[in-house]
Amino acid sequence: MASQVVCGLVFRVLLPLCLIAACLFRYNGLSLVYLVFLLLIPLFAEPTKETVRGHTGRLVKAICCSSFLFLCLHLCFQATIAAFSAQRRLDHTFNCTYLETLSRHIGFVRVHEADWPSALRLFAPEFGVFAVGFVAWFLCWKLTCQPDARSPCTESPGAGSDQVDEEAEAADLDEDDAEGGDEADDEYEEEGSLAEGGAASDAEGPGGLAEEPGRREIFLARAAAFASRLKELIGKIITTAGKVVATVMLGLAGVIVPSLTSLAYFVLFMALCSWWACGRSMPELAFGCVCVATALFSAGHLLGLYIYQMPALQELVPPGDLNARLFGVTAVIRTDCSAPWQLAVHGDAAWPSLLNPGLLLLLYFTVATLVRMWLYEPLHSRQARAKSHAHAVAQSRTHSHAHGHTQFMRTHAVPHARTSAVP
């Protein structure tokens with residue numbers, strides 16, 4: 001239980017925060033991949049013994065492997081640039097060229113002349129995402145490899161049926177040998193009682209009492225219980241007040257930066273409020289469709305805002321252009337090709353433009369969480385119930401077959417014993 005709670009906290013809190021930091025430190029193609037991973041996290045189920053073997057485990061592995069691949073590419077690019085610089089094939093004229101601009105938009109910047117804070121800012125996202133992704137991957141692997149779980153680390157894919165067959169065969173053998181093995185069973189019970197007595201005496205301490213758990217185990221148990229209660233409270237709040245929170249977020253996203261893009265949020269907010277003001281109730285299916293459409297639109301809006309922070313898009317559509325202001329695309333970050341490792345902010349950027357991406361991200365996380373809770377979790381619970389029902393039916397059939405075989409053996413064994421007793 002504690003490992004599952006810790007794994008859920010890492011997946012739901014620590015990993016998204018690390019991805020957000022990676023997106024804020026840089027604005028290029030590599031960080032755009034991290035933004036896509038960030039948008040995918042609320043759509044996936046929480047790590048459990050079942051979901052870790054499915055799409056959730058694949059997402060964690062993809063994040064970890066992608067960050068490690070990006071780190072290796074960074075090292076190869078810097079090694080190549082250093083080799084060319086040592087041969088005097090590259091100088092300060094390399095900046096602002098087509099090759100340098102292309103590599104900078106992808107995410108590879110030469111740090112030969114950069115100061116150490118700028119170099120750390122360029123390399124820190126890969127180290128941070130890889131570290132947190134590896135921790136999440138390790139926790140997920142540890143969650144699936146617990147000794148009390150039916151996991152791939154402890155049994156093969158066909159071990160369930162083999163175990164059922166072995167249990168049936170063992171039941172048959174036990175019933176066949178029941179008449180002639182009473183003395184052996186008595187000896188086995190005596191040996192088992194002696195072994196249990198020895199184990200109990202070994203488990204006790206020098207004073208005859210078992211050792212009490214340490215403070216660390218007590219603290220971890222209390223922390224796990226607190227995290228579990230907090231998780232249940234947040235889940236109940238989202239379930240009960242999800243419609244209200246999503247509607248409020250729609251209204252805020254529609255008025256913070258007035259534009260044609262924000263008009264969609266505001267119109268949807270007014271439609272929902274007008275519908276409820278007329279005393280009508282909206283079905284969950286209709287509101288689920290609204291949440292799906294809002295999630296898709298807000299995700300596209302976030303990706304568009306992030307891509308516009310790259311220099312090539314700002315050169316194509318200047319920040320003061322009518323189209324940029326009409327669609328609410330605001331330039332916050334600016335980059336100088338003469339010093340591409342430096343990160344600067346536009347001086348005329350207003351505070352609503354700075355808060356707009358964060359508000360859109362909160363809106364997306366809210367509606368995506370509602371979509372996951374309404375669509376995925378009921379389906380997953382139905383599948384789990386169906387799987388448990390099929391397993392129970394298989395066990396009942398196996399036990400009935402073993403009982404019938406035992407009755408058949410007893411019926412045929414008694415006349416044979418009577419016949420053999422006649423002189």
* **Test of ring centre spacing under 6.0 Å for Y34 and F70** => yes

* L285 atom CG, neighbour heavy-atom count above 12 within 6.0 Å -> no

* So do Q342 and D336 actually touch side chain to side chain, heavy atoms under 4.5 Å? -> no

* So, does S262 use its side chain to make a donor-acceptor pair with the main chain of V257 at under 3.5 Å? -> yes

* Asked: Yes or no on side-chain contact (heavy atoms from CB on, under 4.5 Å) for L303 and L39, after CA distance, side-chain angles and deciding distance?
  -> CA-CA 10 Å; L303 292 174; L39 297 179; 4.2 Å; yes

* Do you know the tightest heavy-atom contact between A324 and P319? -> CB-O, 4.0 Å

* M282, CE atom: more than 12 neighbouring heavy atoms under 6.0 Å -> yes

* To do: Measure from the side-chain N and O atoms of R53 to the backbone N and O of K49, and report whether any donor-acceptor pair falls under 3.5 Å.
  => yes

* **C291 side, atom SG; E284 side, atom CD - distance, nearest 0.5 Å** => 10.5 Å

* To do: Could you walk me through whether L59 and F11 pass side-chain contact (heavy atoms from CB on, under 4.5 Å), step by step?
  => CA-CA 10 Å; L59 178 63; F11 183 75; 4.1 Å; yes

* **Closest heavy-atom pair and its distance - V132, C18** => CG2-SG, 3.9 Å

* Full working for side-chain contact (heavy atoms from CB on, under 4.5 Å) between C23 and I20 -> CA-CA 5 Å; C23 295; I20 290 174; 5.8 Å; no

* Do side-chain atoms of R110 reach the backbone of P340 as a donor and acceptor pair under 3.5 angstrom? -> no

* To do: Assess the pair F68 and F134: is the distance between their ring centroids shorter than 6.0 Å?
  => no

* To do: Might you confirm whether atom CZ of F77 has over 12 heavy atoms from other residues, nucleotides or ligands at distances under 6.0 Å?
  => yes

* **Contact check, side chains of S31 and Y306, non-hydrogen atoms, under 4.5 Å** => yes

* Asked: Between the side chain of R334 and the main-chain N/O of A344, is any donor-acceptor distance below 3.5 Å?
  -> no

* Structure fact -> Taking every heavy atom of E126 against every heavy atom of L30, the minimum-distance pair comes out as OE2-CD1, 4.2 Å

* **Main-chain N/O of E100 paired with S103 side-chain donor or acceptor, under 3.5 Å** => yes

* **Closest non-hydrogen atom pair between L360 and H301, with its separation** => CD1-ND1, 3.4 Å

* Is there a donor-acceptor contact under 3.5 Å from the side chain of R372 to the main chain of P42? -> yes

* Which atoms form the tightest heavy-atom contact between L343 and L24, and what is the distance? -> CD2-O, 4.4 Å

* Between CE on residue M249 and CG on residue L361, distance to nearest 0.5 Å -> 9.0 Å

* Donor-acceptor contact below 3.5 Å, side chain D321 vs main chain N323 -> yes

* **Spacing of I81 atom CD1 and F108 atom CZ [to the nearest 0.5 Å]** => 11.0 Å

* To do: Hey, could you give me the NZ/OG distance between K243 and S281, rounded to the nearest 0.5 Å?
  => 7.5 Å

* Structure fact -> Between the CG atom in L69 and the SG atom in C72, the distance rounded to the nearest 0.5 Å is 6.5 Å

* Can you see which heavy atom on Q314 is nearest to which on Q309, and at what distance? => NE2-O, 3.3 Å

* To do: State whether the side chain of N356 and the backbone N or O of L359 hold a donor-acceptor pair below 3.5 Å, judged by distance alone.
  => no

* Asked: Could you walk me through whether R12 and E46 pass the side-chain contact (heavy atoms from CB on, under 4.5 Å) check?
  -> CA-CA 8 Å; R12 292 296 183 198; E46 295 183 359; 3.4 Å; yes

* Count the heavy atoms of every other residue, nucleotide or ligand shown that sit under 6.0 Å from CH2 of W275, and state whether that count exceeds 12. => no

* To do: Determine yes or no for a side-chain-to-main-chain donor-acceptor pair under 3.5 angstrom, with T56 supplying the side chain and A45 the backbone.
  => yes

* Evaluate whether atom CZ of F25 has more than 12 neighbouring non-hydrogen atoms of other residues, nucleotides or ligands under 6.0 angstrom away. => no

* Student check: side-chain heavy atoms of L139 and V10 closer than 4.5 Å -> yes

